[in-house]
Structures are given as structure tokens and as C-alpha cells.
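Single-structure report; data block below.
Position 1 is the first residue of the sequence; numbering continues from there.
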Amino acid sequence: MDRFHLSITHQDSRTENFEVAEYLHHSDTHCKFEIFQNGKLIASLEPDKNEYLHVCKNPGGIDYETLHLIIHKLESYNL
């Protein structure tokens with residue numbers, strides 16, 4: 001598992017910071033990416049067969065705009 005930081009900026013110029021855990025050899029118990037904010041798991045993401053990310057779990061109830069920004073940023077890294 002690798003961990004790294006990710007920042008997103010909303011349209012209103014507000015910035016949010018997250019920590020991402022990437023499971024290189026993910027399984028049924030973990031999605032490929034787990035997103036944390038302030039040490040709390042808020043979302044999990046998984047690539048589909050075309051390698052586009054989608055939400056596995058959203059325990060933090062994160063809004064669609066924020067999830068979209070996180071996904072877009074992660075996909076831009078070509079992980």
C-alpha cells in the first residue's frame with residue numbers, strides 16, 4: 001500500500017486536502033483507492049474495466065462535486 005496527499009480546488013476557490021491509500025494488489029476486501037480526510041475514511045474508489053474510477057463506498061457521504069474532483073485528479077495521475 002502506498003499513501004500520498006491530494007488537494008482539490010472547488011469552483012468557489014475553496015481547497016480541500018485528502019490522503020489517498022493506493023492498494024497496488026487490491027482484493028475484495030479493499031478497493032484500489034481509499035480516500036481519507038482528517039484521518040477518517042470518507043470514500044473508496046475502484047477502476048472499471050476501462051480504467052475509469054467509480055465510487056465503491058461513500059461512508060463519509062461526500063457530495064458528487066467533491067467526488068468528481070477527486071476522481072478527475074486521480075485519473076490525471078495515470079496511476
Side-chain angles (χ1 to χ4, degrees):
M1 171 183 53
D2 289 334
R3 287 186 176 257
F4 58 93
H5 293 279
L6 178 124
S7 294
I8 60 166
T9 303
H10 293 271
Q11 289 181 356
D12 62 3
S13 300
R14 179 174 42 99
T15 299
E16 287 190 89
N17 298 302
F18 303 93
E19 184 175 10
V20 178
E22 179 183 11
Y23 293 88
L24 301 175
H25 304 287
H26 59 286
S27 65
D28 292 335
T29 58
H30 287 282
C31 295
K32 182 162 174 84
F33 298 100
E34 289 185 336
I35 313 302
F36 297 86
Q37 190 172 41
N38 300 320
K40 182 179 176 184
L41 176 66
I42 59 165
S44 298
L45 307 171
E46 181 76 20
D48 62 18
K49 64 181 178 180
N50 297 314
E51 297 299 315
Y52 293 106
L53 293 174
H54 67 272
V55 178
C56 290
K57 301 172 191 168
N58 187 4
I62 305 305
D63 63 89
Y64 178 77
E65 176 195 357
T66 301
L67 286 170
H68 178 75
L69 290 170
I70 292 169
I71 288 169
H72 182 71
K73 184 84 166 231
L74 283 172
E75 287 178 344
S76 75
Y77 292 158
N78 294 315
L79 299 172

Problem set entry | side-chain hydrogen bond (donor to acceptor under 3.5 Å, both in side chains) involving Ser7 - partner list, sequence neighbours excluded | Asn17
Exercise. Got a sec, which residues hit salt bridge (Lys or Arg N to Asp or Glu O under 4.0 Å) with Glu19, two or more places apart in sequence or on another chain?
Worked result: Arg3
Exercise. With a 4.5 Å limit on heavy-atom distance, are the side chains of Ile70 and Phe33 in contact?
Worked result: no
Problem set entry | Atom pair CD/CG of Glu16 and Asn38 - distance to nearest 0.5 Å | 9.5 Å
Problem set entry | Residue list, side-chain hydrogen bond (donor to acceptor under 3.5 Å, both in side chains) with Ser44, at least two apart or on another chain | none
Exercise. What pair of heavy atoms forms the shortest contact from Glu46 to Cys31, and how long is it?
Worked result: OE1-CA, 3.2 Å
Exercise. Once you round to the nearest 0.5 Å, how far does CD of Gln37 lie from CD1 of Ile62?
Worked result: 6.0 Å
For this session: With rounding to the nearest 0.5 Å, note down the distance linking CD1 in Ile42 to CD in Glu34.
Result: 11.5 Å
Exercise. How about His10: does its NE2 atom have over 12 heavy atoms from other parts shown lying under 6.0 Å from it?
Worked result: yes
Problem set entry | Heavy-atom donor-acceptor pair, Asp63 side chain to Glu65 backbone, under 3.5 Å | yes
Problem set entry | Backbone of Tyr52 reached by a side-chain donor or acceptor of Asn50 within 3.5 Å | no
Exercise. Quick one: does Phe18's side chain get under 4.5 Å of Leu74's, heavy atoms only?
Worked result: no
Exercise. Does Leu67 belong to the same Ile/Leu/Val/Met/Phe/Trp/Tyr cluster as Leu69, with side-chain heavy atoms less than 4.5 Å apart forming each link?
Worked result: yes
Seminar exercise, completed: Separation between CG (Leu45) and CD1 (Ile71), nearest 0.5 Å, reads 5.0 Å
For this session: Please name the pair of heavy atoms, one in Met1 and one in Ala21, separated by the smallest distance, quoted to 0.1 Å.
Result: SD-CB, 3.7 Å
Exercise. Any donor-acceptor pair under 3.5 Å linking the side chain of Glu75 with the backbone of Leu53?
Worked result: yes
Exercise. Linking I/L/V/M/F/W/Y whenever any side-chain heavy atoms sit under 4.5 Å apart, do Leu41 and Val55 land together?
Worked result: no
Problem set entry | Crowding at NE2, His72 (>12 non-hydrogen neighbours, <6.0 Å) | no
Seminar exercise, completed: When rounded to the nearest 0.5 Å, the distance separating CG of Leu6 from NZ of Lys73 is 5.5 Å
